[in-house]
Each structure stands twice: as structure tokens, then as C-alpha cells.
There are 2 protein chains.
Amino acid sequence: MDKSLLNRTPPSWAPVRANSVANQIVAQVREALFAGKLGPGDLIGSEKELARQFDVSRITVRDALRTLETMGIVEIRVGATGGTRIANGNLDHFSDALAIQFKLSGVTEYEILDMQIVIESTGTELAAQNRTEKDLERLSQLLDEASLVLDNPEEFTQAGQKFHLAIIEASGNRALVAQFKSLRHVIWPRGAKRAKREIAEHAYEVHQKLFTMIKEGEAEPARKLMVAHLSSIRTIAFPENNKQSSNGPICC
Amino acid sequence: MDKSLLNRTPPSWAPVRANSVANQIVAQVREALFAGKLGPGDLIGSEKELARQFDVSRITVRDALRTLETMGIVEIRVGATGGTRIANGNLDHFSDALAIQFKLSGVTEYEILDMQIVIESTGTELAAQNRTEKDLERLSQLLDEASLVLDNPEEFTQAGQKFHLAIIEASGNRALVAQFKSLRHVIWPRGAKRAKREIAEHAYEVHQKLFTMIKEGEAEPARKLMVAHLSSIRTIAFPENNKQSSNGPICC
DNA sequence: TTGATATAATGATATAACAATTAGATCATT
DNA sequence: AATGATCTAATTGTTATATCATTATATCAA
């Protein structure tokens, strides 16, 4: 990296902010990452060093680093031996970002609910095909935990969510997990809807069946059961608008 | 927003950076957005105003704004009547962010390709169910455009991608559109793969069939054809690794 | 009415300084 | 020698002040 790489006199027609010095630094680090010149854990340098290398002020470097940090490209640590390093991937950042865009774009709850059914049923099908022994252990453990809190609506709901996530993770597709997480926050934003005892028992039974199907590799039955399960949850969570999705039935 | 909302003396056990003043400002704006107190287009204020409101320096405000901007929550404009506003959703920027995270996380091409097939086949199915007359017009128009550039690999590829996007948009589910877009350029960053004449003709025929099925509401056939179509594209684009996805067949 | 110009608001960048945090070195004590 | 306290240097976090570049609006002249 060298200051000579910075274009201090960009074409006049270009927007200002896109060509800011800070953004040029961001672009350079990004490109170095995709070119394989930088990888997770690599030290980029301290703010002072970078300011000297690029021949810009610390403020400008900070702007760039803040952007890179928010993108999840770098991690910043304070103190001695601190500084900026290439981050390890964290897909949760992306899920958060996508969730924000849903909010800003005015995507409705129904659209998201429909997508949840799509993603989660697919994940269930894949889980039945690809689950490892470790996945099964995890699912079994979560089932046990849930069985202990059947009378505690809040904790049971939480345990149930963990179970659902564990199923998706058992699919073996991290891209799918990332998309799933981006949709997850929507259903229970208020943490309000709580499962009463009888409802919890029913959900627990379904979870047990799902576990068996996934264990036995019964992909299509597992998928169908998950679709029914989620539709049932939707009915409980959104009783006021129990009409079918405006888009008609989703798959199957 | 008021400076009294900033916690200047956080618990000593908490990590430093998470409690930085700048990050507290970020959190406040974010929460205001999700609480509905702020919406797209709302003016947050200028750096100077915000610095006064929060009783912090301009630099600190800038740090926060830069983060919010990278998150896609705000848009910043320079000049008179400039300042920071809550952004409109922009999903296209995210493929970049997602591609970076996939890269850093070591997510494989296969996981991404599988996910693309899931999203796109589902979108096709929904399009056959929910497409409007306007959607059909758009699709028809794009078909016509593609037919004119069968001999121009680059333009045909571009037209084809537009057609695929239009199908997804015809699904009527913006969350699905968002997820589609987020995966879209992850693998083909430069629109590199080009279709030769015979391949283009075949793709064009498939697109025509897809159009007819979507028009006639034949959801399941349309889905299956799209899966086959994408698998075919994958074979062309990734001939070296034509083995089946490590996770086994996806759905259907 | 139109077009050029001045003005004021705003972000972008620079410089200097101090505060808070952190890892590692140093040193005293047992 | 081991241990714990303390010091030190490096680094990010924050503040203050100033200047430059950009941009919408107002003003004014033709």
C-alpha cells in the first residue's frame, strides 16, 4: 500500500463521497482481500502507520477503518499490540444488515413469514440428508432442555428457537444459515407471544417427530412436517390476520 | 436524542469498544429505526447539530455516522441542505458485503450455488402463482431484447440476468428478491462467463418455456425447469467441478 | 426570464493534544 | 525461582480548532 495508489484528483463528474480518500483506502483493502494479498488475522497496521503510508491524516484513516470494521472486514483492538487486523468471517453481521434493509424497504411481515417457511423447510430437508452425528447430539440435547421448561413459556420459546436454528445448521449450508438468521428476528420481535402448556406440549411433540425424521433421513416428510409446524406457529403468533398469505400457498 | 441518553460510565467489565460513545450513538439511531421513531427520509441532522445534541465532538459523531452509513441505515450528503438522513433500502450494495463475509468465513461455492437454486426455484414457483399482467409484460419485453443479442455473448448474458431477476420480482415477495440479490453477484463478480451462440439459443428457448409456464400458472413445472436450467448453467460455469454438490441433490 | 455570481451551510481533511486501555517489561517480595 | 505489583510504551478513543471542497439557495445583472 502506498500513497501513490491514491487518486487525489478524481474525475470531476464523479460523486464526491464515492471518491473520498477514505473510501479509496477502503477499496484498496477490499481488493487486496479478494486478490488474496490479505487474509484473516493479517495485521494491517496502526492508525499512525497507515496515516503515514497513505500520507493522509489519522482522521481519514479512522473513517476508512470504521467503514471496514462495519463491513466486517477488519477487527480493531485498542491498547499495546492493538491495531487493525483482517477479521475472521462473521455471517451474523450480514444477517443483521439484511434485516435492516428489510425494515427500510418496508417488507411486510407476511413476505418474511413466507420466506421463513421457504428457507426453514428447505433447511429441514437438507438436514435430513446431511446431518452428522454431532448435529443429532446437539438436537437431542436441545430437545431434552426444552422438555424441562414446558411450563415456562418464555424459556420454552427460547429453547424452541435454538432447536429450529440447530436444524438449519445441520443442513450443512452456511449460506442458508445466514439467510435464515436474517429472517429470524421478525416473528418474535416483542418476545410477547408465549406458549401455554398445551401448546408447548404440542410443539415439543412435533419437534420430537422432526428429530426422528432427520435422524432417519426422511427428507420429504420432514420438510412437510416443518411446513405444517411453521404454519401452525404463524396461526398462533398472528391470530388477527389468519388469512392465507396474499401470495397464495407456498410450495408443496 | 439527548446527551443524557449516553452512558459515559459503562460497567467496568464491559469491552471498551462496544461502549464507545460513537457506538452508543449508532445503537440509539438503530433502535429508533426499529422502534418506528425514525423512517426513510427523516433528517437526523448535521454533524455540528448532532455534536451539540450529544455533547460530543464532531469526530465522534462522524465515527458514528460513518458506521451507520456503512450499515446502510443513513445517507450522507455534502453541501448546503446536506446532512444525514435515514436511507431508503438499497439491497444491491449487499452482495458485496455478503461476498466478503463468505470469503472470510470460507463458505464454499457449492453452498452458495445450492442456495441460489433454492431461492431462484422458489421464486419461479411463486412467480407462476402471483405474477401480474405488468410482470408478464416486463418478462416478455426482456425476452424480446434478449432475442436481438443472441450473437453478443456479453449483452445476452446481461439480458438473461435481467430476465432472471424479473422472474424473482414477479414472485411478489420482496424478502425473496432481497435474498436473491444478495447472492446474485457473489460468484459471478465480473459477469465473466459468456454464452456462445448455441448456448445462448438454448438458454433463450428455456427462458421462453419459463415465460409460458409462469404465464399459465404452471408453478411446479416452472420450478423444475428452473432447477434444471440452473444446474445446466452451473455445469457450464463450473465444468472443472461438475460433481454433484457435496450435500446431495437439492429438493425435488 | 435567464444566467452568472455570491453566500452560507455542510461534509472532508488536516493538525495537535490528551485520555483510556492494553500487552509486555521491569522490579520487588516472598 | 516464582509471584505479584508497577512501570512503560504503543494504540485507539475523544476533543478542539482550522481549512478546503461541495452544494443549494439567494441575489443580481443582462
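We use all heavy atoms of the structure for the numbers below, so side chains are in, but hydrogens, waters and symmetry mates are not. Naming convention: chains lettered A, B, ... in sequence-line order (proteins, then strands); numbering from 1 in each chain.
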Give the nucleotide from the list D:dT14, C:dT21, C:dT13 with an atom nearest to the side chain of B:Val21. D:dT14

Among the nucleotides C:dA12, D:dT14, D:dA24, whichever has the atom closest to the side chain of B:Ser20 is D:dT14

Expressed as a whole number of angstroms, how long is the span from B:Phe54:CZ to D:dG13:P? 18 Å

Round to a whole Å and report the spacing from CG of A:Asp63 to P of C:dT13. 7 Å

Can you find a side chain N or O atom of B:Arg62 that sits less than 4.0 Å from OP1 or OP2 on C:dA12? yes

A:Asn19 to A:Gln24 - nearest heavy-atom pair and separation: O-NE2, 2.9 Å

Over how many whole Å does the gap from B:Leu43 atom CG to C:dG11 atom C1' extend? 14 Å

Check the pair B:Glu111 / A:Leu176 against side-chain contact (heavy atoms from CB on, under 4.5 Å), numbers first and verdict last. CA-CA 8 Å; B:Glu111 289 170 84; A:Leu176 191 143; over 6 Å; no

For B:Arg58, which contact category applies under a 4.0 Å heavy-atom criterion: base, sugar-phosphate, or nothing? base

Could you tell me if A:His93 and B:Gln101 have a donor-acceptor pair between their side chains, going purely by distance under 3.5 Å? no

Taking OP1 and OP2 of D:dT15, is either one under 4.0 Å from a side-chain nitrogen or oxygen of B:Ser57? yes

Taken to the nearest whole Å, CD1/A:Ile59 to C1'/D:dG13 is 11 Å

Figure out the CG/C1' separation between A:Leu50 and D:dT11, and round it to whole Å. 12 Å

Could you give the CG-to-P distance, from A:Asp55 to C:dT13, as a whole number of Å? 13 Å

Atom-pair distance (CD on B:Glu47; C1' on D:dT22), nearest Å: 13 Å

If you check the A:Thr81 side chain, which of C:dA23, C:dA14, C:dA12 turns out closest? C:dA23

Does the pair A:Arg66 and B:Thr70 meet the rule for a side-chain contact (heavy atoms from CB on, under 4.5 Å), with working shown? CA-CA 9 Å; A:Arg66 255 325 247 212; B:Thr70 306; over 6 Å; no

With a 4.0 Å cutoff (strictly under), does any side-chain N or O of B:Thr60 reach OP1 or OP2 of D:dG13? no

For B:Gly79 and A:Lys48, find the nucleotide of DNA chain D closest to each by heavy atoms; which residue's nucleotide sits nearer the 5' end? A:Lys48

Can you find a heavy atom in the side chain of B:Lys181 that is under 4.5 Å from one in the side chain of B:Leu165? yes

Just the rounded figure in Å: distance from P of C:dT13 to CD of A:Gln24. 9 Å

